[in-house]
Amino acid sequence: MLDAKFIREHPDTVRANAAAKHTQPDIDGQVKLDEERRQNIQQAQELKAKRNAVSEEIAALKKAKQNADEKIVEMRVVGDTIKALDDRLREVETAMDEIAYDIPNMLHVSVPAGNDASGNVEVRRKGETIERGKKLDHAALAKNLGIVDFERGAKISGSGFPLYTGKGATLERALLNFMLNRHIANGYTEVFVPLLVNEASMRGTGQLPKFAEDMYHVPNDALYLIPTAEVPITNIYRDDILSAAELTKKHCGYSACFRREGGSYGKDTRGLLRLHQFNKVELVKFTKPEDSYNELESLTQDAEGILEALGLPYRVISLCAGDTGFSSAKTYDIEVWSPCEQKWLEVSSCSNFEDFQARRANIRYRRDPSAKPDFVHTLNGSALATPRVMVALLEHYQTEDGRLRVPDALKALCGFDMI
């Protein structure tokens with residue numbers, strides 16, 4: 001969330017930024033509540049100071065065996081007023097939090113202007129895009145080879161839950177291990193996280209309350225299935241104070257990811273293109289503020305390195321204002337080329353959240369042992385989500401006789417060269 005002081009001092013800037021992200025939070029309401037909150041605190045402090053002073057007077061009167069009844073009655077009234085102010089303060093702060101949770105992060109100055117995806121800017125690309133030719137699309141090839149069973153997956157769970165079988169399951173596992181091994185070699189500490197998290201964890205990373213309809217909820221236990229390993233990894237340090245010497249912290253982690261995709265009606269849901277359950281390796285960093293944008297660049301390069309090692313053509317785009325996510329200050333998307341779809345498919349989003357998530361999750365650090373705690377900056381990126389990587393592998397590495405050649409980077413992990 002944003003700093004209340006920043007909202008108070010720059011309401012028009014915050015309002016314009018929210019509009020650029022297609023949201024309309026109640027900025028005026030927040031400013032009014034903030035003013036009431038500060039007046040309330042000041043009044044309560046003045047009354048508490050008065051109560052302390054008069055309490056000393058009462059004690060002195062009693063010690064001198066003089067009548068203090070009038071002052072005692074007066075302080076009872078003061079006490080009731082203080083209680084009413086404290087009760088109202090809690091109400092105001094709760095109302096402010098609810099509005100604050102709906103206010104998106106501020107965009108970094110380098111984010112391109114633009115209302116939607118058409119305003120995104122290509123930063124770089126590697127590899128040549130190819131035409132479809134006689135290639136089978138990924139779903140047809142996977143079915144022919146018997147490596148993904150979409151029908152039985154749908155029978156077990158419903159559409160959007162693929163069943164990887166035989167060498168397809170081995171290839172998926174090899175891809176995940178390859179990515180994890182590479183990130184560990186790049187200095188990330190691996191974690192294996194819970195797949196269910198509490199509401200505080202979802203709020204801490206910005207999924208709640210805004211994206212509640214996209215979450216799988218287990219109400220009896222007040223838990224949510226994670227949409228990404230970003231959620232549990234970021235919340236490892238919720239309410240912690242780190243030391244400057246620990247930063248930058250770098251974690252990688254595999255998880256299954258679960259998304260209802262409530263807003264995906266009408267979008268392409270064939271094969272592996274859009275799923276309710278999928279596998280992903282996530283990168284998460286915790287940095288000092290002055291380091292976070294350099295760390296965003298290196299995180300993005302770490303994610304790119306996977307596609308480069310697999311020999312798949314890809315591009316990196318800088319998302320414009322209108323396409324940047326609610327919690328992000330700046331995002332790079334990485335897209336892989338699909339010959340059969342004849343379009344770019346997103347396989348990663350790499351984002352700097354600055355202190356937006358850290359404020360929600362209360363993740364702080366000290367520059368030195370005597371310094372006042374300050375908020376860290378958090379970053380994350382998919383590196384990578386496997387379904388669309390698998391789409392690209394199936395379409396780029398299929399042979400003319402309908403088989404699949406395993407990329408060199410995965411052969412040792414698979415234990416076979418061809419499917």
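By convention here, the first residue in the shown sequence is residue 1. Everything numeric here is computed off the predicted structure, so don't read it as measured data.
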I'd like to know if the side chain of Glu122 reaches the main chain of Ile317, judged simply by a donor and an acceptor atom lying under 3.5 Å from each other, with no hydrogens or angles considered.
no
Ser292 side-chain N/O to Pro289 backbone N/O, donor-acceptor pair under 3.5 Å:
yes
Could you check whether any side-chain heavy atom of Asp291 comes within less than 4.5 Å of a side-chain heavy atom of Leu247, counting everything from C-beta outward?
no
Is the backbone N or O of Glu346 less than 3.5 Å from a side-chain atom of Arg388, with the two atoms forming a donor-acceptor pair by type?
yes
Tell me, do Leu404 and Leu171 make a side-chain contact under 4.5 Å, heavy atoms counted?
yes
When rounded to the nearest 0.5 angstrom, what distance separates CG in Leu394 from OG in Ser338?
10.0 Å
Under 3.5 Å, is there a donor-acceptor pair between the Asp333 and Ser349 side chains?
yes
Does the separation of the ring centres of His377 and Phe356 fall below 6.0 angstrom?
no
Identify whether the distance between the nearest side-chain nitrogen and carboxylate oxygen of Glu304 and Arg124 falls below 4.0 Å.
yes
From Asp86 atom CG to Asn40 atom CG, the distance as rounded to the nearest 0.5 Å
7.0 Å
Could you check if a side-chain atom of Phe211 sits within less than 4.5 angstrom of a side-chain atom of Phe326, using non-hydrogen atoms only?
yes
Show the numbers, then the answer: is there a salt bridge (charged side-chain N to carboxylate O under 4.0 Å, His left out) between Arg315 and Glu335?
CA-CA 5 Å; Arg315 69 175 184 172; Glu335 301 176 334; 2.7 Å; yes
Taking atom types as modelled, is there a side-chain donor on Ser110 or Lys330 under 3.5 Å from an acceptor on the other?
yes
Checking side-chain polar atoms at under 3.5 Å, does Lys280 have a donor or acceptor matched by the opposite partner on Thr228?
yes
Exercise: identify the closest heavy-atom pair between Ile363 and Thr234
CD1-O, 3.5 Å
Check for a donor-acceptor pair, side chain of Ser318 on one end and backbone N or O of Tyr332 on the other, with a separation under 3.5 Å.
no
For Trp337 and Ile130, indicate whether the former's side chain and the latter's backbone hold a donor-acceptor pair under 3.5 Å.
yes
Electrostatic pair Glu91-Arg88, nearest N-O below 4.0 angstrom
yes
So does Glu290 have more than 12 non-hydrogen atoms from other groups sitting under 6.0 Å from CD?
yes
When you look at NZ of Lys50, are more than 12 heavy atoms from neighbouring residues, nucleotides or ligands closer to it than 6.0 Å?
no
Parallel, tilted or perpendicular: ring planes of Phe192 versus Tyr254, cut at 30 and 60 degrees
parallel
Return the minimal non-hydrogen interatomic distance between Pro339 and Glu131, and the atom names on each side.
CB-O, 4.0 Å
Considering residues, nucleotides and ligands other than Arg76, do more than 12 of their heavy atoms fall under 6.0 Å from its CZ?
no
Any Lys/Arg nitrogen of Lys83 or Asp87 sitting under 4.0 Å from an Asp/Glu carboxylate oxygen of the other?
yes
Side-chain ion pair, Glu74 and Arg51, N-O less than 4.0 Å:
no
Ala18 backbone acceptor or donor facing Thr23 side chain under 3.5 Å
yes
Does atom NZ (Lys249) have a neighbourhood of more than 12 heavy atoms from anything else shown, all under 6.0 Å?
yes
How far apart are the closest heavy atoms of Pro209 and Asp102, and which atoms are they?
CG-OD1, 3.9 Å
Please determine whether side chain to side chain contact (heavy atoms under 4.5 Å, CB included) holds for the pair Trp344 and Thr129, giving the CA-CA distance in whole Å, both sets of side-chain angles, and the decisive distance to 0.1 Å.
CA-CA 9 Å; Trp344 297 99; Thr129 59; 3.6 Å; yes
Going by atom types only, do Glu35 and Gln39 share a side-chain donor-acceptor pair under 3.5 Å?
yes
What verdict does the side chain to side chain contact (heavy atoms under 4.5 Å, CB included) test give for Asp240 and Tyr365, after you've listed the backbone C-alpha separation in whole Å, the side-chain angles of each residue and the deciding distance to 0.1 Å?
CA-CA 8 Å; Asp240 284 359; Tyr365 79 106; over 6 Å; no
Heavy-atom side-chain proximity of Val336 to Val389 below 4.5 angstrom:
no
A quick test of your reading: do over 12 heavy atoms of other residues, nucleotides or ligands sit less than 6.0 Å from CD of Glu151?
yes
With side chain to side chain contact (heavy atoms under 4.5 Å, CB included) as the test, would you mind laying out the steps for Ile82 and Lys48 before giving the verdict?
CA-CA 7 Å; Ile82 291 172; Lys48 288 173 183 178; 3.5 Å; yes
For the pair Tyr224 and His217, name the ring-plane relationship: parallel under 30°, tilted 30 to 60°, perpendicular over 60°.
parallel
Taking atom types as modelled and ignoring hydrogens, do the side chains of Glu246 and Ser243 form a donor-acceptor contact shorter than 3.5 angstrom?
yes
Donor on one side chain, acceptor on other, Thr248 and Glu295, under 3.5 Å
yes
With a 6.0 Å cut-off on ring centres, are Tyr237 and Phe286 close enough?
yes
Closest heavy-atom contact between Lys285 and Leu299?
NZ-N, 3.6 Å
What I want to check is whether the side chains of Asn235 and Arg238 have a donor and an acceptor closer together than 3.5 Å.
yes
Closest heavy-atom contact between Ser348 and Ala303?
OG-CB, 4.1 Å
Which of Cys257, Ser255, Pro194 passes side-chain contact (heavy atoms from CB on, under 4.5 Å) with Ile226? It is Ser255
Treating His276 as the side-chain partner and Arg259 as the backbone partner, does any N or O pair qualify as donor plus acceptor under 3.5 Å?
yes
Could you walk me through whether Leu196 and Leu225 pass the side chain to side chain contact (heavy atoms under 4.5 Å, CB included) check?
CA-CA 5 Å; Leu196 288 149; Leu225 286 164; 3.7 Å; yes
Test item: Met1 and Ile103 side chains (from C-beta on) under 4.5 Å apart, heavy atoms:
no
Does the Asn17 side chain pair with the main chain of Asn105, one donor and one acceptor, at a distance under 3.5 Å?
yes
Within a strict 4.5 Å, meaning less than it, do heavy atoms of the Thr386 and Glu172 side chains meet?
yes
Establish, for the pair Lys167 and Phe416, whether the NZ or CZ atom is under 6.0 angstrom from the six-membered ring centre and no further than 45 degrees off its axis.
yes
For Phe161, does its backbone N or O pair with a side-chain atom of Ser157 as donor and acceptor, under 3.5 Å?
no
Please determine whether the number of non-hydrogen atoms from other residues, nucleotides or ligands lying under 6.0 Å from atom CZ of Arg152 exceeds 12.
no
Can Arg260 and Glu213 be counted as an ion pair, charged N to O under 4.0 angstrom?
no
So, do Arg403 and Ile419 sit near enough that their side-chain heavy atoms are less than 4.5 Å apart?
no
Relative to Tyr188, does Lys250 satisfy both conditions: NZ or CZ under 6.0 angstrom from the six-membered ring centre, and within 45 degrees of the ring's axis?
yes
Is there a donor-acceptor pair closer than 3.5 Å between any side-chain N or O of Thr205 and the backbone N or O of Ser201?
yes
Determine, for Asp28 against Arg15, whether the closest basic-nitrogen to carboxylate-oxygen distance falls under 4.0 angstrom.
yes
Does one side chain, of Ser327 or Lys210, offer a donor that lies under 3.5 Å from an acceptor on the other?
no
Do the side chains of Asp97 and Arg203 get close enough for a salt bridge, i.e. N-O under 4.0 angstrom?
no
Nearest heavy-atom contact between Ala256 and Leu195 is O-CD2, 3.9 Å
pair Glu354-Phe375: side-chain heavy atoms closer than 4.5 Å:
no
